[in-house]
Amino acid sequence: MKIALAFLFSFIACQCLAQSNTDESKVQPYTLPDVLKMPDGKRVTNSREWQLKQRPYIYRLFEENQFGRFPATKTAIRFRVMESDRNALDGIATRKQVRIWLHPSDSTVYADVLLYIPNNVKKPPVFIALNFSGNHTVSTDKHIALSTRWVSSRAKGGVNNRATEASRGADTASWQLHTLLQKGFALATAYCGDWETDTVTGYQTGIRTTMKDILNIQPNEWGAMGAWAWGLSRIVDYLQQDKAVDARKIALIGHSRLGKAALWAGASDQRIALVISNESGEGGAAISRRWYGETVKIINNNFPHWFGAKYRTYGDSVNTLPVDAHMLLSLIAPRPLYVASAEDDKWSDPKGEFLSAFEAGKVYALFGKQGIETDKMPEPNQPVGETVRYHLRTGRHAVTVYDWQQYLEFASREFGK
Ligand code: GTR
């Protein structure tokens, strides 16, 4: 009888986790892993213990259980400025299109970075970000090279999974390039598909295959999130030797799936000085243990190529996952972190994103930094917090003018501009 009941309950739990819930009253109580509890049972009491012991321990837990291994092998990238113009966008910025070759001998393995630098600021801070469908979607600037790679069939102007002239500027609303430049920031962006196209078989032609011998890692030891995060680190490599920008002030922003990749990049590469997660949801900023919106099971069913193999085994047993989103956010500490949600974007679980940002404050406190003051969810369009900041915007899943206003203000303050 007992066995039958246990079976019935676990069957019901499995069914639930395969479905999505957007009713807050159905969220069951859960216990988050204690981010400060060390493997020997003692609690971290200061920032030194965190940096030397706990941080590396938690980082490894994420490699083992969620993202897969992040290649530690260093590679010497080569790059060339393929095109530049000091008079771009009616003279307000310098545009550079830089090709980064990743492989020491195979010249077909490269990524293209589009860079805009405001002309009226000396060594500006720089936003870095991956884009969803090619650099040419970021601005209507007709000098941006059209990506020749595979693009999603949902990409505007795409024909047979390739960009066309009609794809130019398809995503300008998400970037607010002019405002960013006017506020004195540079932008460096690359197409996520330059590292790995976002399909189940994308790894076969992406860096997880082409770089496997160089990086000493097999394709199944990591996922697309890892490949994208690793790619962001290569953009940082490039920026570190471009004297036109201040590479000590790199702010990384990622939206949705690229927000998950941004958090993993920020955790993996501490040269990134500030991280912004825009509606990254499940596998990003949202607490997995809450049964709300997308679940571990759903995300791995729909996108089996995104994470490491072990993550796929937790679909029916999320409570046994040794990590949760608040621990991922904690890996950004003490660097400034902004987490944002949108009211209508229930799939990303706004409350779960808020609660993990709140929880991460415990680690920021070790450094004397203030996170979010209370665990009471703020009203829409009322940002809260200091070094960890959060807002719930009204509206849908997107990056909007409102979001950029907050991020630019935050980065200006944190970078002392
Ligand atoms: C959804 C996915 C989310 C989110 C989103 C996006 O289909 O379930 O995790 O990443 O895509 O990237 O827009």
Side-chain angles (χ1 to χ4, degrees), residues 17-22 62 66-68 129-134 137-138 150-156 158 170-171 173-175 189-200 202 206 223-229 231-232 252-266 275-308 311-312 314-315 318 321 323-325 328-329 339-354 356 392-393 395-400 403:
L17 294 166
Q19 288 159 11
S20 169
N21 165 50
T22 51
F62 274 100
Q66 185 169 335
F67 290 99
L130 296 179
N131 59 67
F132 281 83
S133 314
T137 61
V138 167
W150 180 99
V151 292
S152 155
S153 45
R154 283 182 311 174
K156 195 177 152 210
D171 211 14
S174 309
W175 292 90
T189 183
Y191 173 37
C192 63
D194 279 14
W195 322 93
E196 176 166 330
T197 52
D198 190 7
T199 60
V200 175
M225 289 296 160
W228 295 331
L232 282 161
L252 166 60
I253 176 170
H255 171 56
S256 205
R257 68 197 65 188
L258 298 179
K260 310 178 210 294
L263 288 171
W264 184 230
V275 180
I276 300 165
S277 149
N278 194 86
E279 298 151 32
S280 59
E282 185 61 55
I287 299 279
S288 298
R289 278 167 172 72
R290 276 167 53 80
W291 175 45
Y292 193 100
E294 193 171 28
T295 63
V296 173
K297 182 150 188 162
I298 296 172
I299 206 168
N300 283 316
N301 281 347
N302 291 342
F303 307 99
H305 57 293
W306 278 0
F307 297 97
Y311 198 50
R312 296 196 281 278
Y314 289 107
V318 180
L321 189 62
V323 292
D324 212 318
L328 180 59
L329 300 185
V339 174
S341 317
E343 210 179 10
D344 301 341
D345 179 22
K346 302 214 179 339
W347 191 239
S348 300
D349 185 10
K351 190 165 179 193
E353 296 187 311
F354 168 72
S356 67
L392 172 70
R393 173 177 50 71
R396 64 180 186 89
H397 185 62
V399 195
T400 68
D403 297 323

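Only heavy atoms go into these numbers, but all of them, side chains included; no hydrogens, no water, no symmetry mates. Remember, it's 1-based here, ligands and their atoms both numbered in the order they're listed. Here the structure is a predicted model, which means the values were calculated and not measured.
Geometrically, ligand 1 and Trp347 share a nitrogen or oxygen pair separated by less than 3.5 Å.
Not one N or O on the side chain of Ser356 forms a donor-acceptor pair closer than 3.5 Å with the backbone of Ile287. Using a distance-only test at 3.5 Å, with no hydrogens or angles considered, a donor-acceptor pair links the side chain of Trp291 to the main chain of Gln19.
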- prompt: Do Glu282 and Ser288 pass the side chain to side chain donor-acceptor pair (under 3.5 Å) test, and can you show the C-alpha distance, the side-chain angles, and the key distance before you say yes or no?
  reply: CA-CA 6 Å; Glu282 185 61 55; Ser288 298; 2.7 Å; yes
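Nearest to atom 13 (O) of ligand 1 among the protein's heavy atoms is Ser256 OG, 2.7 Å. Summary of contacts: the protein heavy atom closest to atom 7 (O) of ligand 1 is Phe303 CZ, 3.5 Å. Distance from atom 1 (C) of ligand 1 to its nearest protein heavy atom, with residue and atom name: Arg257 NH2, 3.8 Å.
Contact check for Gln66 versus Tyr314: no side-chain heavy atoms found under the 4.5 Å cut-off.
Note on ligand 1: Glu279 sits outside its first shell, no heavy atom being nearer than 4.0 Å.
The aromatic rings of Trp306 and Phe303 sit parallel to each other, their planes meeting at less than 30°, with 60° as the upper class boundary. Between Phe62 and Trp264, the ring planes lie tilted relative to each other; the angle falls in the 30° to 60° range.
Contact annotation: for His397 versus ligand 1, heavy atoms closer than 4.0 Å belong to the side chain alone. Of all the heavy atoms of Glu294, the ones lying under 4.0 Å from any atom of ligand 1 belong exclusively to the side chain.
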